[in-house]
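Okay, so here's the structure we're looking at.
Given the structure is predicted, the values throughout are model-derived calculations rather than measurements. Order of the sequence lines sets the chain letters (A, B, ...), proteins ahead of strands, with each chain counted from 1.
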Amino acid sequence: MPVYLINISKYNLLISIKFSWRTPDDKMEIQEVHIHESKKDFQDYLKKKNDIEISDENGHEKLNLTLKKLREIIIDYFEGKKLDLYSTIQNLNVNLNLQEKFKTNFSLGVIQVLLKTRPGETTDYYTIAKKIGTNAYRAVGNILRNNPLPLIIPCHRVIKKNGNLGGFGGAIGDCWKTRLKKLLLKIEGVNGFS
DNA sequence: AGGTCATCTCACC
DNA sequence: GGTGAGATGACCT
């Protein structure tokens, strides 16, 4: 399966997008998004998943166009334009296939509530749980921990109810992933995490 | 059936 | 204002 790489030189980050492409209807589907702190980090990821290969913009013409737009959108986002990546990317006729990625009502509910947040806003695990009619705030974290579409599904906007940052990218505590969460919030205009 | 959490609350210092 | 234990619910094996 092909993976498309976007270099965010401003922050020294690599965004990899694993996707599939169906020719009859020219539909792109995004399977996974990963954020890498370095080239080595990305290469380790490539090695671990032996079913993927880097895709340059030299395939199908329509695919090239979609990938090019995708790159522009992501770069705009990191430039600080407050884009709703989920709807913007869907407008490219890209299928994100949430039904396939979130199979239970609970997990789908978590995602749907989360997708209503706007850049610059934050919410918390407890509030999300309440909105789908349960107290299972820890389970909300479990779902977000496995978010296959970071950035697009804005799990970085979920912080703790007491105002602390909470985890990101499967990690808690001070590490590059939580620093990345701070960076994303800062890019969206949320200050207070320095 | 039992283990794992990206949490929360409350009772202690 | 920091720490630790217990509650807790959905998920995974």
Side-chain angles (χ1 to χ4, degrees), chain A residues 1 3 6 8 11-18 30-38 40-42 44-45 48-52 74 77-78 82-87 89 96-194:
Chain A
M1 193 162 301
V3 70
I6 300 174
I8 311 295
Y11 296 111
N12 208 18
L13 294 172
L14 290 172
I15 314 293
S16 72
I17 297 174
K18 186 176 162 191
I30 295 182
Q31 314 290 355
E32 294 175 14
V33 172
H34 288 268
I35 308 171
H36 309 276
E37 64 170 328
S38 64
K40 180 183 181 307
D41 185 26
F42 170 66
D44 289 346
Y45 162 73
K48 208 170 353 177
K49 307 225 170 190
N50 50 12
D51 65 325
I52 57 181
I74 300 284
Y77 171 80
F78 277 96
K82 301 195 179 183
L83 296 175
D84 178 346
L85 287 180
Y86 176 73
S87 62
I89 286 175
L96 298 174
N97 208 349
L98 298 189
Q99 306 281 344
E100 183 64 31
K101 292 179 174 69
F102 302 97
K103 292 186 194 295
T104 63
N105 284 338
F106 178 80
S107 59
L108 209 49
V110 169
I111 297 314
Q112 280 163 353
V113 169
L114 179 52
L115 284 174
K116 289 186 184 138
T117 63
R118 309 278 317 150
E121 292 174 2
T122 59
T123 181
D124 61 84
Y125 302 96
Y126 183 87
T127 300
I128 291 179
K130 276 293 178 198
K131 280 190 178 167
I132 55 179
T134 164
N135 294 317
Y137 38 80
R138 294 196 69 185
V140 172
N142 280 340
I143 299 303
L144 300 184
R145 181 164 53 100
N146 295 314
N147 178 13
L149 302 175
L151 301 182
I152 300 175
I153 294 175
C155 55
H156 55 278
R157 293 181 198 144
V158 187
I159 63 176
K160 291 200 186 193
K161 199 184 177 198
N162 67 6
N164 290 341
L165 187 67
F168 190 65
I172 58 175
D174 187 32
C175 59
W176 88 269
K177 287 182 176 179
T178 54
R179 287 194 293 274
L180 174 61
K181 183 174 184 177
K182 290 182 198 171
L183 172 65
L184 296 177
L185 288 170
K186 192 174 174 185
I187 287 171
E188 296 188 354
V190 180
N191 296 305
F193 293 104
S194 88

Other residues, nucleotides and ligands only: do more than 12 of their heavy atoms fall within 6.0 Å of CG on Asn105(A)? no
Just one of Glu188(A), Lys181(A), Lys182(A) clears the side chain to side chain donor-acceptor pair (under 3.5 Å) bar with His156(A), so which one? Glu188(A)
Kindly list each side-chain donor-acceptor pair under 3.5 angstrom involving residues 114-122 of chain A, sequence neighbours excluded, with atom names and distances?
from, atom 1, to, atom 2, distance (Å)
Thr117(A), OG1, Leu114(A), O, 2.7
Thr117(A), OG1, Arg157(A), NH1, 3.3
Arg118(A), NH1, Asp84(A), OD2, 3.4
Glu121(A), OE1, Arg118(A), N, 2.9

Where do Phe168(A) and Thr178(A) come nearest, in terms of heavy atoms and distance? N-CG2, 4.3 Å
Using a cut-off of 6.0 Å, state whether more than 12 heavy atoms not belonging to Asn12(A) lie near its atom CG. no
Rounding to an integer number of Å, can you tell me how far Asn147(A) CG sits from dC5(B) P? 18 Å
Nearest heavy-atom contact between Ile35(A) and Asp41(A) is O-OD2, 4.2 Å
Any chance the side chains of Thr127(A) and Asp124(A) put a donor and an acceptor closer than 3.5 Å? yes
Those residues that, when tested against Lys18(A), pass salt bridge (charged side-chain N to carboxylate O under 4.0 Å, His left out) (two or more places apart): Glu32(A), Asp51(A)
When every nucleotide of nucleotides 7-13 of chain C is labelled 5' to 3' by its protein contacts under 4.0 Å (heavy atoms), B for base, S for sugar-phosphate only, - for none, what sequence of letters results? BBBBS--
For Tyr137(A) and Tyr126(A), work out which heavy atoms get closest and say how close. CD2-CD1, 3.5 Å
As a test of understanding, state which of Lys101(A), Lys103(A), Gln99(A) forms a side-chain contact (heavy atoms from CB on, under 4.5 Å) with Leu108(A). Gln99(A)
Lys/Arg-Asp/Glu bridge criterion (N-O < 4.0 Å) met for Asp44(A), Lys48(A): no
In residues 152-161 of chain A, which ones come under 4.0 Å of DNA chain B, going by heavy atoms? Cys155(A), Lys160(A), Lys161(A)
Please map the stems of DNA chain C, keeping only stretches of three or more Watson-Crick or G-U wobble pairs with both distances under 3.5 angstrom. B:1-5 with C:9-13, B:7-13 with C:1-7
Would a 4.5 Å heavy-atom cut-off, applied to side chains only, mark Tyr86(A) and Leu151(A) as touching? no
For Gly170(A), which contact category applies under a 4.0 Å heavy-atom criterion: base, sugar-phosphate, or nothing? base
If only side-chain N and O atoms count, and only distance matters, is there a donor-acceptor pair under 3.5 Å linking Lys130(A) with Asn135(A)? yes
May I have the distance from Ile172(A) (atom CD1) to dT7(B) (atom C1'), rounded to whole angstrom? 10 Å
Check DNA chain B against residues 173-183 of chain A and give the residues with a non-hydrogen atom under 4.0 Å, in numerical order. none
